Number of protein chains: 2
Amino acid sequence: MLTIGTLSKKTGTKVQTIRYYEQIGLMPEPGRTEGGQRRYDSSQLDRLSFIRHSRQLGFSLDAIRELLDLSDHPNRPCDEADAIARRQLKQVEQRMARLKALRTELKRMVHECSGGRTADCRVLEVLRDHSECLTEHDEIGA
Amino acid sequence: MLTIGTLSKKTGTKVQTIRYYEQIGLMPEPGRTEGGQRRYDSSQLDRLSFIRHSRQLGFSLDAIRELLDLSDHPNRPCDEADAIARRQLKQVEQRMARLKALRTELKRMVHECSGGRTADCRVLEVLRDHSECLTEHDEIGA
DNA sequence: CTTGAACCTTCAGTGGCTAGAGGATGTAGA
DNA sequence: TCTACATCCTCTAGCCACTGAAGGTTCAAG
């Protein structure tokens with residue numbers, strides 16, 4: 001029987017986050033001691049590890065909910081899990097493309113700044129006038 | 001004199017977002033009509049364009065506040081603006097590196113899934129067991 | 001039996017918006 | 001001048017995925 005603190009250490013998840021996952025129904029309600037403290041077993045540890053690992057790979061909690069559900073039904077076809085992962089991959093690739101454009105622009109800004117007064121600062125100049133940008137970039141909401 | 005809607009269209013910023021920027025002190029309080037509607041001039045349009053462009057380049061509102069402040073003082077040395085941009089560039093590079101690791105892992109997962117039952121799904125298997133990952137990845141909080 | 005680390009609940013806050021309710025204003029056409 | 005209606009106003013609440021703190025209780029070691 002594991003305390004929430006032990007689970008926290010084993011998975012690198014903050015205690016509050018574990019309670020939060022329980023609150024939103026991602027983790028099941030665990031057993032309790034007489035005094036009301038949570039006690040977990042190893043299946044719950046596995047589940048939390050799955051969640052954490054998925055989060056590290058950038059899956060949303062909603063996607064993780066679906067993945068967990070699929071994981072709980074071993075006889076269903078796995079197309080869906082596959083689709084979720086593909087979707088995630090696509091998102092990652094889109095974000096990378098955007099970041100690449102940003103990097104180009106930022107590099108150029110920094111490179112061109114010669115260190116005088118703010119009045120002549122290329123960084124600020126570029127920010128003032130989008131038309132100075134060579135690439136399209138649209139980071140907002142990424 | 002521009003209405004908030006015109007400003008919205010010209011900068012691609014939602015009306016509510018403009019009001020939000022005013023509320024947090026990023027945009028100045030504009031003049032008002034007798035009836036209480038906001039009216040902007042071209043300097044405010046410039047300021048909003050600056051903000052939007054900076055957001056597109058991924059700067060936080062706090063960073064933008066600093067940049068705007070620097071922009072308002074043309075005689076100060078521009079080291080600070082430079083430093084802010086460099087910091088942002090560094091962040092972008094770090095995020096790219098993380099995303100690259102994620103992409104590798106996701107690609108491998110998707111590639112190895114042969115489309116059977118969820119019980120044998122490589123996607124789910126990898127999520128279950130971090131030790132199957134070849135690269136370090138730590139997307140959370142990125 | 002005492003100490004104190006770890007646990008409990010509840011509430012509020014983060015960033016950067018976004019949505020909706022319910023009502024007021026401004027402007028173009030009849 | 002009247003009317004229609006697009007646009008404006010304020011205010012409140014919600015999104016995601018947590019994180020922190022207040023104030024109190026429980027558990028295990030010594």
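Heavy atoms only: backbone and side chains are in, while hydrogens, waters and symmetry mates are out. What you see is a predicted model; the values in this text were computed from it and never measured.
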Q. Quick one: does R55(B)'s side chain have a donor or acceptor within less than 3.5 Å of a partner on F59(B)'s backbone?
A. yes
**Q.** With S8(A) via side chain to side chain donor-acceptor pair (under 3.5 Å) - residues at least two apart
**A.** none
Q. Base, sugar-phosphate, or nothing for I4(A), non-hydrogen atoms under 4.0 angstrom?
A. sugar-phosphate
Q) Between Y21(B) and dG16(C), is there a side-chain N or O to OP1/OP2 distance below 4.0 Å? A) no
Q: Indicate whether OP1 or OP2 belonging to dA19(C) is found under 4.0 Å from a side-chain N or O atom of K14(B).
A: yes
Q. Does T17(A) place a side-chain N or O at less than 4.0 Å from the phosphate oxygens OP1/OP2 of dT19(D)?
A. yes
(Q) The criterion is salt bridge (Lys or Arg N to Asp or Glu O under 4.0 Å); which residues satisfy it with R47(A), sequence neighbours excluded? (A) D72(A)
(Q) I'd like to check the salt bridge (Lys or Arg N to Asp or Glu O under 4.0 Å) partners of E112(B); sequence neighbours left out, ordered by chain and number. (A) R108(B), R122(B)
Q. Which residues pass the salt bridge (Lys or Arg N to Asp or Glu O under 4.0 Å) test with R65(B), sequence neighbours left out?
A. D62(B)
Q) What's the CD1-P distance between I18(B) and dA19(C), to the nearest Å? A) 15 Å
Q: Report yes or no: does T6(B) contribute a side-chain atom to a donor-acceptor pair with the main-chain N or O of L2(B) at less than 3.5 Å?
A: no
Q: Classify every nucleotide of nucleotides 22-30 of chain D by which part a protein heavy atom approaches to under 4.0 Å, writing B for the base, S for the sugar-phosphate alone and - for neither, in 5'-to-3' order.
A: ----BSS--
Q. Expressed in angstrom and rounded to an integer, what is the separation of I64(A) atom CD1 from dA17(D) atom P?
A. 8 Å
Q) In whole angstroms, how far is the C1' atom of dC18(D) from the CG atom of D62(A)? A) 15 Å
Q | Atom-pair distance (CZ on R32(B); C1' on dG26(C)), nearest Å | A | 15 Å
Q. Taking only N and O in the side chain of R55(B), is any of them less than 4.0 Å away from OP1 or OP2 of dG15(C)?
A. no
**Q.** Nucleotide dA17(D), atom C1' - distance to CD of Q56(A) in whole Å
**A.** 15 Å
Q. Is the phosphate of dC9(D), meaning OP1 or OP2, less than 4.0 Å from a side-chain N or O of R38(B)?
A. yes
Q: Nearest whole angstrom, please: distance from the P of dG15(C) to the CD of Q91(B).
A: 14 Å
Q.
I need the OH-C1' distance between Y40(A) and dC7(C), as an integer number of Å.
A. 11 Å
(Q) Below the 4.0 Å mark, does dC9(D) have OP1 or OP2 next to a side-chain nitrogen or oxygen of R19(B)? (A) yes
**Q.** Interatomic distance, Q16(B) CD vs dC8(D) P [rounded to whole Å]
**A.** 11 Å
Q. Reckon Y20(B) has a side-chain N or O less than 4.0 Å from the OP1 or OP2 of dG15(C)?
A. no
Q.
The criterion is salt bridge (Lys or Arg N to Asp or Glu O under 4.0 Å); which residues satisfy it with D46(A), sequence neighbours excluded?
A. none
